[in-house]
Amino acid sequence: MVSRIRPLILITKVTKHGKLDDTVEKSYKKVISHLTEVNGAQVQNNLFGKQYDMTWVARIRGNQVADSVAFPQESVKNEELPELDVIQIRKHANRTDIYFASDREVNADELD
């Protein structure tokens with residue numbers, strides 16, 4: 001597994017209720033995280049009870065929330081970054097662990 005310190009964008013969604021319809025607004029927060037890849041079927045099964053193609057865990061100081069995350073890129077606006085789905089969030093005394101994946105769950109129908 002490869003570990004590194006890397007910036008990450010936390011994306012939270014807030015639903016604004018209107019008279020006719022609801023709108024979803026996203027907020028973006030840039031943080032510094034300790035990022036680790038979580039590879040291997042057995043490790044993923046132990047953590048999530050499922051398997052994904054590629055997953056990471058970001059360890060971030062403080063109490064954080066996110067519906068999705070993105071890796072920042074130079075000269076690309078936050079709204080245009082590809083979003084990665086958050087699988088689960090674990091809170092500790094002084095840090096938050098955010099587990100996220102680049103794809104959807106792998107199931108037997110997709111295996112050849």
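- Between Leu35 atom CG and Phe100 atom CZ the span is 5.0 Å, to the nearest 0.5 Å.
- Residues Leu8 and Ala58 share a closest heavy-atom pair of CD2-CB, 3.7 Å.
- Looking at heavy atoms from C-beta onward, Val69 lies in side-chain contact with Val86 at the 4.5 angstrom threshold.
- Partners of Ser33 under the side chain to side chain donor-acceptor pair (under 3.5 Å) rule, at least two apart in sequence or in another chain, do not exist in this structure.
- When all heavy atoms of Ala101 and Thr55 are compared, the closest pair comes out as CB-CG2, 3.8 Å.
- Using cut-offs of 30° and 60° for the angle between ring planes, the Trp56 and Phe71 rings count as perpendicular.
- In this view, Lys13 satisfies the salt bridge (charged side-chain N to carboxylate O under 4.0 Å, His left out) rule with no residue, not counting sequence neighbours.
- Applying the side-chain contact (heavy atoms from CB on, under 4.5 Å) rule to Ala70 yields the partners Ile9, Ile11, Leu81; only residues at least two apart in sequence or on another chain are considered.
- Annotation: the span from Arg6 atom CZ to His34 atom NE2 amounts to 13.0 Å, rounded to 0.5 Å.
- Every residue meeting the side chain to side chain donor-acceptor pair (under 3.5 Å) condition with Arg90, not counting sequence neighbours, appears here in chain and number order: Gln88.
- Here Ile32 pairs with Ile5, Pro7 under the side-chain contact (heavy atoms from CB on, under 4.5 Å) rule; sequence neighbours left out.
- Under the 3.5 Å distance criterion, the side-chain polar atoms of Thr96 are matched with a main-chain donor or acceptor of Gly62.
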For residues 24-31, which side-chain N or O atoms pair as donor and acceptor with protein atoms under 3.5 Å away, sequence neighbours left out?
residue	atom	partner	partner atom	Å
Lys26	NZ	Glu83	OE2	2.6
Ser27	OG	Thr12	OG1	2.4
Lys29	NZ	Gln64	OE1	3.0

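- Interatomic distance, CZ of Arg59 versus CD1 of Ile98, reported as 11.5 Å (0.5 Å rounding).
- Shown here are the side chain to side chain donor-acceptor pair (under 3.5 Å) partners of Asp67, two or more places apart in sequence or in another chain: there are none.
- Taking Asn94 as the reference, nothing meets the side-chain contact (heavy atoms from CB on, under 4.5 Å) condition, with sequence neighbours excluded.
- Evaluation of the salt bridge (charged side-chain N to carboxylate O under 4.0 Å, His left out) rule for Arg95 yields Asp97 as partners, not counting sequence neighbours.
- Partners of Asp21 under the side chain to side chain donor-acceptor pair (under 3.5 Å) rule, at least two apart in sequence or in another chain, do not exist in this structure.
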